[in-house]
Amino acid sequence: MSIKRPLILISNDDGYYANGIKTLVSFLYDFADIIVCAPDSARSGFSCAFSAVQYLRLRRQADIYNSEVWSCSGTPVDCVKLALSQLLGNRRPDLILGGINHGDNSSVNNHYSGTMGIAREGCMKYIPSIAFSSCDYDTHADLSYLRDYVQKIVKRVLAEGLPKGVCLNVNFPKANPMKGIKMCRMGYGSWINEVEPRKHPRGFDYYWLTGTYRNDELSATDTDQWALEAGYAAITPLRIDITDYETMKQMSDWEE
């Protein structure tokens with residue numbers, strides 16, 4: 001009796017051609033059916049944005065490890081929406097993955113991340129979803145050392161699922177070998193010196209968004225930032241429901 005292979009939808013915010021997404025497919029194609037739908041160019045920082053006033057296009061691209069690949073002219077979230085609506089027919093994916101992102105999406109960075117936008121969109125569709133990111137910003141980096149970790153996490157989620165309204169933010173340190181995996185909370189941090197004023201050769205002022213990340217919890221040893229700096233992979237479960245229930249109770253006397 002044949003065993004049905006799981007179906008995994010993969011997207012990213014670095015583009016369908018990125019090294020990270022090709023590496024991710026290479027880790028999974030031998031035990032899962034894969035379909036890739038990713039932006040036609042880099043869309044970093046798009047978070048959960050979707051295209052409300054522009055039309056979208058899908059284009060068939062060359063397969064990756066015998067897995068079907070499509071590019072989309074929109075955002076990472078657009079990719080998920082179009083794949084579910086137009087590419088998968090009546091089949092529902094068992095898992096949605098974002099990544100592997102070329103860059104850290106821990107701490108407050110996860111709020112800006114298009115990679116996390118993919119996981120959140122999947123989670124809002126009640127599909128188990130994971131975002132994978134690496135602290136190695138080199139777009140040609142050899143990420144093959146992440147294989148065992150990615151496979152272990154993916155297979156466990158496929159077997160056990162995730163709670164309703166919860167997705168996973170997984171960040172890998174640049175360290176090879178890693179020390180292991182830590183379950184972490186999101187650390188607090190700030191982006192400072194974010195705007196760099198410049199003068200255009202034609203005489204007008206313009207601005208470049210840049211910045212430096214500052215860890216605001218240097219003494220904490222339970223955060224994603226601490227784990228990454230210590231050489232561990234950091235897994236942070238994130239909720240779609242962002243209600244602060246404690247504060248809601250404290251403010252109950254506001255009701256009329």
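All figures in this text were calculated on a predicted structure; none of them were measured in a lab. What you see below is based on every heavy atom in this structure, not just the backbone, and it leaves out hydrogens, waters and symmetry mates.
- Annotation for Pro128 and Val157: closest pair CB-CG1, 3.9 Å, computed over non-hydrogen atoms.
- Side-chain atoms of Ser73 come within 3.5 Å of backbone N or O of Arg57 as a donor-acceptor pair.
- Remark: Tyr149 pairs with no residue by the ring pair (Phe, Tyr, Trp, His ring centres under 6.0 Å) rule, at least two apart or across chains.
- Here the side chains of Asn12 and Pro39 are in contact, with some heavy-atom distance below 4.5 Å.
- Here the OG-CE distance, from Ser107 to Met186, works out to 5.5 Å after rounding to the nearest 0.5 Å.
- Put simply, Leu9 and Val36 are part of two different groups of oily side chains (I, L, V, M, F, W, Y) that touch within less than 4.5 Å, one to the next.
- Between the side chain of Asp63 and the main chain of Tyr65, no donor-acceptor pair closer than 3.5 Å is present.
- Formation of a donor-acceptor pair under 3.5 Å by the Thr223 side chain with backbone atoms of Trp226 is found in this model.
- Under the 4.5 Å side-chain criterion, counting only non-hydrogen atoms from C-beta, Ile34 is not in contact with Asn66.
- Residues Gly189 and Asp216 come closest through the heavy atom pair C-OD2, 3.2 Å.
- A salt bridge is defined here as a Lys NZ or Arg NE, NH1 or NH2 lying under 4.0 Å from an Asp or Glu carboxylate O, and Asp205 with Arg198 fails to meet this definition.
- Using a distance-only test at 3.5 Å, with no hydrogens or angles considered, no donor-acceptor pair links the side chain of Asn169 to the main chain of Thr236.
- Side chains of Leu58 and Leu82 form a contact here, defined as non-hydrogen atoms less than 4.5 Å apart.
- Put simply, CG on Asp13 and CD1 on Ile118 are 6.0 Å apart, with the number rounded to the nearest 0.5 Å.
- Using cut-offs of 30° and 60° for the angle between ring planes, the Phe204 and His200 rings count as parallel.
- Across all their heavy atoms, Gly231 and Ala175 have their closest contact at CA-CB, 4.4 Å.
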CA sep, side-chain torsions, deciding dist, call: Leu97, Leu28, side-chain contact (heavy atoms from CB on, under 4.5 Å): CA-CA 11 Å; Leu97 303 179; Leu28 308 175; 3.4 Å; yes

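- More than 12 heavy atoms of other residues, nucleotides or ligands shown are found within 6.0 angstrom of OH on Tyr145.
- Residues Lys199 and Tyr206 share a closest heavy-atom pair of C-CE2, 3.8 Å.
- More than 12 heavy atoms of other residues, nucleotides or ligands sit less than 6.0 Å from atom CG of Asp253.
- When every heavy atom of Ala38 is checked against every heavy atom of Cys79, the shortest pair comes out as C-SG, 3.4 Å.
- Between the NZ atom of Lys22 and the CG atom of Leu143 there is a distance of 13.0 Å, given to the nearest 0.5 Å.
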Stepwise side-chain contact (heavy atoms from CB on, under 4.5 Å) test for Ile100 and Phe27: CA-CA 11 Å; Ile100 299 170; Phe27 292 165; 3.9 Å; yes

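- Here the side chain of Arg5 pairs a donor or acceptor atom with the backbone of Tyr29 at under 3.5 angstrom.
- Of the N and O atoms on the side chains of Arg43 and Ser41, at least one donor lies less than 3.5 Å from an acceptor on the other residue.
- Remark: side-chain polar atoms of Ser129 are not paired, donor with acceptor, to backbone N or O of Cys167 under 3.5 angstrom.
- Criterion: ILVMFWY side-chain heavy atoms under 4.5 Å apart, direct or through other members. Under it, Tyr137 and Leu228 are not part of a common hydrophobic cluster.
- With 3.5 Å as the limit, one finds no donor-acceptor pair spanning the side chains of Asp136 and Ser134.
- A single hydrophobic cluster is seen to contain both Ile10 and Val170, as judged by linkage of ILVMFWY side chains at heavy-atom distances under 4.5 Å, directly or through other members.
- Here the side chain of Glu121 pairs no donor or acceptor atom with the backbone of Val77 at under 3.5 angstrom.
- Between Asn19 and His140 the shortest side-chain heavy-atom distance does not fall below 4.5 Å.
- Heavy atoms of other residues, nucleotides or ligands lying less than 6.0 angstrom from CZ of Arg239 number 12 at most.
- Although no hydrogens or angles enter the test, the distance criterion places a donor-acceptor pair under 3.5 Å between the side chain of Asn171 and the main chain of Asn105.
- Between Phe31 and Leu158, the closest side-chain pair of non-hydrogen atoms falls below 4.5 Å.
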Trace of the side-chain contact (heavy atoms from CB on, under 4.5 Å) decision for Arg120 with Leu238: CA-CA 9 Å; Arg120 287 192 170 98; Leu238 300 176; 3.9 Å; yes

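- No donor-acceptor contact under 3.5 angstrom links the side chains of Ser113 and Asn110, judged on distance only.
- Between Lys125 and Lys81 there is a side-chain heavy-atom pair separated by less than 4.5 Å.
- Here the CH2-CG distance, from Trp191 to Asn109, works out to 5.5 Å after rounding to the nearest 0.5 Å.
- Under a 3.5 Å cut-off, the side chain of Lys179 and the backbone N or O of Ala230 do form a donor-acceptor pair.
- Side-chain atoms of Phe132 and Leu146, non-hydrogen and from C-beta on, never get closer than 4.5 Å to each other.
- More than 12 heavy-atom neighbours from other residues, nucleotides or ligands sit within 6.0 angstrom of CD on Gln250.
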Trace of the side-chain contact (heavy atoms from CB on, under 4.5 Å) decision for Glu217 with Arg185: CA-CA 12 Å; Glu217 296 185 282; Arg185 67 175 174 87; 2.8 Å; yes

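- Using a distance-only test at 3.5 Å, with no hydrogens or angles considered, no donor-acceptor pair links the side chain of Asp224 to the main chain of Ile235.
- Other residues, nucleotides and ligands contribute at most 12 non-hydrogen atoms within 6.0 Å of the CZ atom of Arg59.
- Within a 6.0 Å sphere centred on CD of Glu160, other residues, nucleotides and ligands contribute more than 12 heavy atoms.
- Note that CD1 of Ile153 is 12.5 Å distant from NZ of Lys155, once rounded to the nearest 0.5 Å.
- Note on Val80 and Phe50: separate hydrophobic clusters, where clusters join Ile, Leu, Val, Met, Phe, Trp and Tyr whose side-chain heavy atoms are under 4.5 Å apart, directly or indirectly.
- Note: the hydrophobic cluster containing Ile21 also contains Ile130 (ILVMFWY, side chain heavy atoms under 4.5 Å, direct or indirect links).
- Contacts classified as ring-ring contact (aromatic ring centres under 6.0 Å, His included) and involving residues 77-117 (residues at least two apart or in different chains) are not found.
- Considering only heavy atoms from C-beta on, Asn215 comes within 4.5 Å of Tyr213 through its side chain.
- Judged purely by distance below 3.5 Å, without hydrogens or angles, the side chains of Asp40 and Ser71 never pair a donor atom with an acceptor atom.
- Shown here for Gly74 and Ser51, the closest heavy-atom pair between the two residues is CA-OG, 4.2 Å.
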